[in-house]
Amino acid sequence: MNRRTTVLSATAALALTAALALSGCSSDGSADGAAGTDGKPELKVSGAFMPQPVMDMAGGFLTIKNESDTADKLTSVTSPISDDVQIHETKNQKMQQVKSFDIPANGALDLERGGSHIMFMGLKTKPKQGEKVSIELHFEKADPIKVDLPVEAATHNPKQH
Ligand code: CU
């Protein structure tokens with residue numbers, strides 16, 4: 001009995017030391033969990049979808065909300081269905097590849113039909129309406145975020161409702 005108590009308190013002491021070490025280095029952004037205090041932007045993804053592709057490429061749309069005082073950038077997107085996922089902006093009804101999209105502090109990045117979007121080139125599989133496509137968003141500062149894009153009808157556009 002006595003021995004067990006000793007082991008337990010040793011574990012508790014270890015846990016306490018670890019917690020102290022973690023909070024000690026939170027200023028360099030390596031500690032997770034201390035929401036908003038480590039300088040990493042807090043990003044939330046909503047409204048994600050992919051219109052059912054009609055050719056061997058597809059578009060992806062979503063909104064990334066930044067609820068922090070730190071601006072970030074969407075730098076790349078990866079997905080198992082394409083080895084070449086690009087990010088495009090639309091200018092004068094023509095789309096062109098960009099290196100990154102700004103996600104302003106306390107603002108949002110809107111990827112929507114007719115505007116900026118994710119573009120999946122050379123699809124390995126053609127997802128159908130009702131299926132889901134997993135992607136991973138990569139940022140300049142924030143940790144990567146995994147998102148499942150529901151596949152909607154080819155003409156789906158939530159902004160037109
Ligand atoms: Cu495009």
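All ligand and atom numbering here is 1-based and tracks the order in the structure.
Annotation for K65: atom NZ does not count as buried by contact number, only 12 or fewer foreign heavy atoms lying within 6.0 Å.
When the N, O or S atoms of H88 are ranked by distance to the Cu ion (ligand 1), ND1 comes first. Closest approach between the Cu ion (ligand 1) and any N/O/S atom of H117 involves NE2.
Taking 2.8 Å as the criterion, T90 does not count as a coordinating residue of the Cu ion (ligand 1), since none of its N, O or S atoms falls below it. The Cu ion (ligand 1) has an N, O or S atom of M119 under 2.8 Å away, backbone or side chain.
Remark: K44 engages E67 in a side-chain hydrogen bond (donor to acceptor under 3.5 Å, both in side chains) (not counting sequence neighbours).
Between L111 and F61, the closest heavy-atom pair is O-CB, 3.3 Å.
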Donor-acceptor contacts, no H, no angles, side chain residues 92-106, under 3.5 Å, sequence neighbours left out:
residue	atom	partner	partner atom	Å
Q96	NE2	E89	OE2	3.4
N106	ND2	S68	O	3.4
N106	ND2	D69	OD1	2.8

